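Computed from heavy atoms alone, side chains included, the values below leave out hydrogens, waters and symmetry copies. From a predicted model like this one, the values you see are computed outputs, not experimental measurements. Residue numbers start at 1 and run along the sequence shown.
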Amino acid sequence: MTLPTELRGYALLHNARYNKGSAFTQAEREALGLNGLLPDLVQDLHMQIARIHGQLEAIPDDLQKYLFLSDLQSRNQTLYYAVLMSDPAHFMPLVYTPTVGEACQKFDHFFRGTRGLYLPITAKGRIKQLMQNWPEKDVRFIVVTDGERILGLGDLGVGGMGIPIGKLALYTACAGVPPDLTLPITLDVGTNNASLQDDPLYLGLRSERVRGAAYMAFIDEFVSAVQDLYPKCCIQWEDFANFNAYGILDRYRDKICTYNDDIQGTAAVALAGLYGGIRIKGEKLSQQTVLFLGGGAAATGIAELISEAMALEGLTLEQARARNWLYDVNGLITQARTDLTDFQKPFSHAHPAVASFVAAIEAIKPTVIIGVSTVPKLFNQAVIEAMSRINARPIIFPYSNPTSRSECTAQEAYTWSQGRAIFASGSPFDPVTLGGKTFIPGQGNNVYIFPAMGLAVLATEASRVTQEMFICTAQAVAEQVTQAQLDSGLIYPPQSHILEASLHAATRVAQLIFDRGLARVPRPADIAQHVRSYAYTPVYQNYV
């Protein structure tokens with residue numbers, strides 16, 4: 001990293017990308033006009049990390065820890081990522097789920113300083129001009145939201161910016177994607193949340209959400225601006241309402257490098273969990289029957305990817321889809337229903353209506369239930385016991401985020417199944433001891449997927465992101481779980497080893513990208529080394 005010639009003295013200490021704080025050497029302080037602006041003692045990065053750990057231990061509240069880390073990111077980027085990467089399993093819940101949910105809800109009240117770009121629909125016709133205000137000219141990854149469906153919390157308007165910021169922090173912390181290549185963006189098209197419109201501290205447009213043709217024209221202008229300014233950029237769509245999420249993905253997936261994490265990333269991490277679960281059961285994926293609680297973008301995205309993976313084992317796609325069922329607020333999704341969206345119809349099957357989710361379990365006899373309802377406690381005792389009656393090892397995945405929205409807890413799943421459940425959740429739960437055995441709950445966190453996908457795309461300059469790439473990522477994640485970990489109930493690699501897990505998955509995906517002719521760089525002799533060469537390491541550079 002070369003220090004810009006004009007960056008000296010006080011301005012240098014307030015530039016997050018180049019600031020080293022107390023780690024500036026005596027020679028650097030002399031040459032860069034820093035004498036007197038810092039305490040005299042020089043401390044290295046390791047001592048700075050230890051100080052941050054100590055400061056965080058003194059803060060009792062997770063939201064305040066989130067804000068403390070956000071401030072650190074704004075003043076010393078290298079130290080921020082060094083802290084996160086020093087203990088990723090500990091810090092991921094603080095910078096993303098579940099803490100980020102509360103941070104988004106209180107975004108306007110805790111607003112300190114800007115990060116990323118806010119593009120209001122009132123600036124239509126000038127979006128490219130606004131984007132040119134971003135200082136970095138080589139952006140490779142954009143995570144963008146319109147704030148309408150933030151986690152399981154609903155319409156948070158511009159407060160949803162915490163999601164793109166958090167996702168991109170994990171791109172770097174979990175897979176080494178260089179932070180200077182990333183850009184969080186919020187598209188402000190209004191909000192239908194009346195409490196936000198009435199809040200004097202709300203920072204977004206105080207109008208109802210724009211819909212229809214005007215909305216899509218705004219999206220088109222945004223995508224066009226990204227392609228003009230950053231032709232190598234991959235766009236990740238995040239937390240859009242279902243009807244917009246599918247419409248946008250279908251509009252662009254075959255034209256540009258893009259994907260929707262809620263549809264495809266969530267699907268891949270669920271598939272990875274299933275691959276782990278069936279290793280415990282000693283069965284094939286194509287033997288499973290899956291019942292979803294929830295019928296939105298996440299459920300149908302998971303169901304479609306599972307179906308495509310089942311097809312790789314010999315089923316037709318129609319046969320595979322028939323093994324995936326949806327249950328939403330109006331009951332089991334069947335062919336007789338008249339309220340279905342186009343993306344639900346492939347998973348509507350011929351079946352009588354059923355009165356409850358438990359009745360659906362008894363009728364369909366699923367081997368797997370996956371919760372993406374965002375409604376807590378729906379996997380109640382009757383549900384878990386029903387799954388346990390028809391399965392020796394029921395697979396129970398309550399994936400809704402944050403923790404307050406989880407369909408059940410790990411304690412409940414293990415207790416009500418008498419320790420037989422194969423469990424993973426969207427948010428973290430502590431280990432559970434039952435009958436003298438300790439179970440380690442898995443967390444089906446998209447962090448196993450999108451950072452690795454990002455590093456693979458970066459290293460190959462992929463022109464597209466395909467469904468096959470997500471299946472490949474899921475397989476690469478699952479194959480890293482050891483037998484000992486499976487025996488303890490863990491079906492994902494430990495988050496403490498997330499960087500190595502991501503590098504392995506990124507290498508597998510990069511190989512596929514080269515094999516399919518989607519790369520825009522020459523194929524290297526050693527793909528693993530090529531991928532690793534792109535990974536960012538948070539270390540200070542010498543400026544003198």
Side-chain angles (χ1 to χ4, degrees), residues 1-4 7 15-21 23 44-46 48-49 52 69-70 72-92 94-96 115-116 134-143 164-184 230 232-234 236 257 446-462 473 493 495-510 513 521 524 526-543:
M1 184 189 300
T2 302
L3 185 68
L7 200 56
N15 185 297
R17 180 174 178 179
Y18 297 98
N19 182 29
K20 297 164 60 172
D44 64 16
L45 181 59
H46 296 292
Q48 290 179 320
I49 293 171
I52 297 298
L69 288 167
S70 179
L72 177 61
Q73 186 180 17
S74 296
R75 61 185 171 84
N76 189 329
Q77 177 177 279
T78 302
L79 179 56
Y80 171 78
Y81 286 110
V83 168
L84 265 55
M85 296 171 84
S86 70
D87 190 354
H90 175 75
F91 286 107
M92 278 191 285
L94 293 178
V95 300
Y96 202 62
R115 179 175 298 280
W134 186 247
E136 303 295 339
K137 303 309 175 188
D138 184 17
V139 173
R140 300 296 183 91
F141 298 98
I142 287 174
V143 175
I165 291 172
K167 287 276 186 179
L168 288 171
L170 296 182
Y171 264 86
T172 301
C174 299
V177 173
D180 302 322
L181 302 180
T182 67
L183 172 56
Y230 315 120
K232 298 178 181 179
C233 185
C234 180
Q236 174 182 324
C257 185
N446 294 19
V447 76
Y448 287 109
I449 305 299
F450 65 83
M453 185 69 74
L455 186 60
V457 168
L458 174 65
T460 61
E461 296 185 12
T473 311
Q495 289 188 358
S496 57
H497 299 148
I498 189 68
L499 179 59
E500 283 303 313
S502 296
L503 289 169
H504 174 81
T507 299
R508 285 281 309 278
V509 175
I513 291 169
V521 299
D526 187 335
I527 293 177
Q529 180 56 40
H530 176 74
V531 168
R532 286 177 178 269
S533 72
Y534 279 83
Y536 163 86
T537 301
V539 295
Y540 290 134
Q541 303 298 313
N542 293 321
Y543 298 143

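- Lys167 meets the salt bridge (Lys or Arg N to Asp or Glu O under 4.0 Å) test with Glu238, Asp261; sequence neighbours excluded.
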ask   = Stepwise, does the side chain to side chain contact (heavy atoms under 4.5 Å, CB included) test hold for Met453 with Gln236?
value = CA-CA 11 Å; Met453 185 69 74; Gln236 174 182 324; over 6 Å; no
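- Proximity of Tyr448 to Pro493: side-chain heavy atoms (C-beta onward) are separated by under 4.5 Å at one or more points.
- Qualifying side chain to side chain contact (heavy atoms under 4.5 Å, CB included) partners for Ser496, counting only residues two or more places apart in sequence or in other chains: Ala89, Pro494.
- Every residue meeting the side chain to side chain contact (heavy atoms under 4.5 Å, CB included) condition with Cys174, not counting sequence neighbours, appears here in chain and number order: Met92, Leu170, Val447, Pro451, Ile498, Ser502.
- Heavy atoms of other residues, nucleotides or ligands lying less than 6.0 angstrom from NE2 of His497 number 12 at most.
- Considering only heavy atoms from C-beta on, Gln73 comes within 4.5 Å of Ile165 through its side chain.
- The shortest heavy-atom contact between Val521 and Ala459 is CG2-O, 3.6 Å.
- With 3.5 Å as the limit, one finds no donor-acceptor pair spanning the side chains of Gln77 and Asn19.
- With sequence neighbours left out, the salt bridge (Lys or Arg N to Asp or Glu O under 4.0 Å) criterion links Arg532 to Glu500.
- Contact between Tyr18 and Tyr543 at its shortest, heavy atoms only, is O-OH, 2.9 Å.
- Judged purely by atom type and a 3.5 angstrom limit, Thr473 has no side-chain atom pairing as donor or acceptor with the backbone of Ile449.
- Put simply, the side chain of Val139 does not reach to within 4.5 Å of the side chain of Thr182, judged on heavy atoms.
- Between the side chain of Lys20 and the backbone N or O of Asn76, no donor-acceptor pair lies under 3.5 Å.
- Contact between Pro88 and Ser86 at its shortest, heavy atoms only, is CD-C, 3.9 Å.
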ask   = Do Asn15 and Leu7 pass the side chain to side chain contact (heavy atoms under 4.5 Å, CB included) test, and can you show the C-alpha distance, the side-chain angles, and the key distance before you say yes or no?
value = CA-CA 9 Å; Asn15 185 297; Leu7 200 56; 3.8 Å; yes
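- When all heavy atoms of Tyr81 and Leu168 are compared, the closest pair comes out as OH-O, 4.4 Å.
- Among residues two or more places apart in sequence or in another chain, the side chain to side chain donor-acceptor pair (under 3.5 Å) test is passed with His530 by none.
- Scanning both residues, Arg115 and Ser70, for their nearest heavy atoms gives NH2-O, 4.5 Å.
- The side chain to side chain contact (heavy atoms under 4.5 Å, CB included) check on Thr507 picks up Gln511, Ile527, Ala528, Val531, with sequence neighbours excluded.
- Residues that satisfy the side chain to side chain donor-acceptor pair (under 3.5 Å) test with Tyr80, not counting sequence neighbours, are absent from this structure.
- Under the side chain to side chain contact (heavy atoms under 4.5 Å, CB included) criterion, Pro178 pairs with Leu181, Leu458, Tyr536, sequence neighbours left out.
- Expressed to the nearest 0.5 Å, how far CG of Leu455 lies from CZ of Phe450 amounts to 13.0 Å.
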request  = Apply side chain to side chain contact (heavy atoms under 4.5 Å, CB included) to the pair Leu45 and Ile49, showing each step before the final yes or no.
outcome  = CA-CA 6 Å; Leu45 181 59; Ile49 293 171; 4.1 Å; yes
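- With sequence neighbours excluded, the residues satisfying side chain to side chain donor-acceptor pair (under 3.5 Å) with Gln48 are Ser22, Tyr540.
- In this structure, Leu183 and Glu136 have side chains that are not in contact, with every pair of non-hydrogen atoms separated by 4.5 Å or more.
- Nearest heavy atoms, Ala535 versus Leu503: CB-CD2, 4.3 Å.
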Worked check of side chain to side chain contact (heavy atoms under 4.5 Å, CB included) between Phe91 and Leu69 = CA-CA 10 Å; Phe91 286 107; Leu69 288 167; 4.0 Å; yes
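- Residues passing the side chain to side chain donor-acceptor pair (under 3.5 Å) test with Thr537: none are found, sequence neighbours excluded.
- One finds the CG atom of Leu84 at 11.5 Å from the CD1 atom of Ile52 (value rounded to the nearest 0.5 Å).
- With sequence neighbours left out, the salt bridge (Lys or Arg N to Asp or Glu O under 4.0 Å) criterion links Asp138 to Arg140.
- With sequence neighbours excluded, no residue forms a ring pair (Phe, Tyr, Trp, His ring centres under 6.0 Å) with Tyr230.
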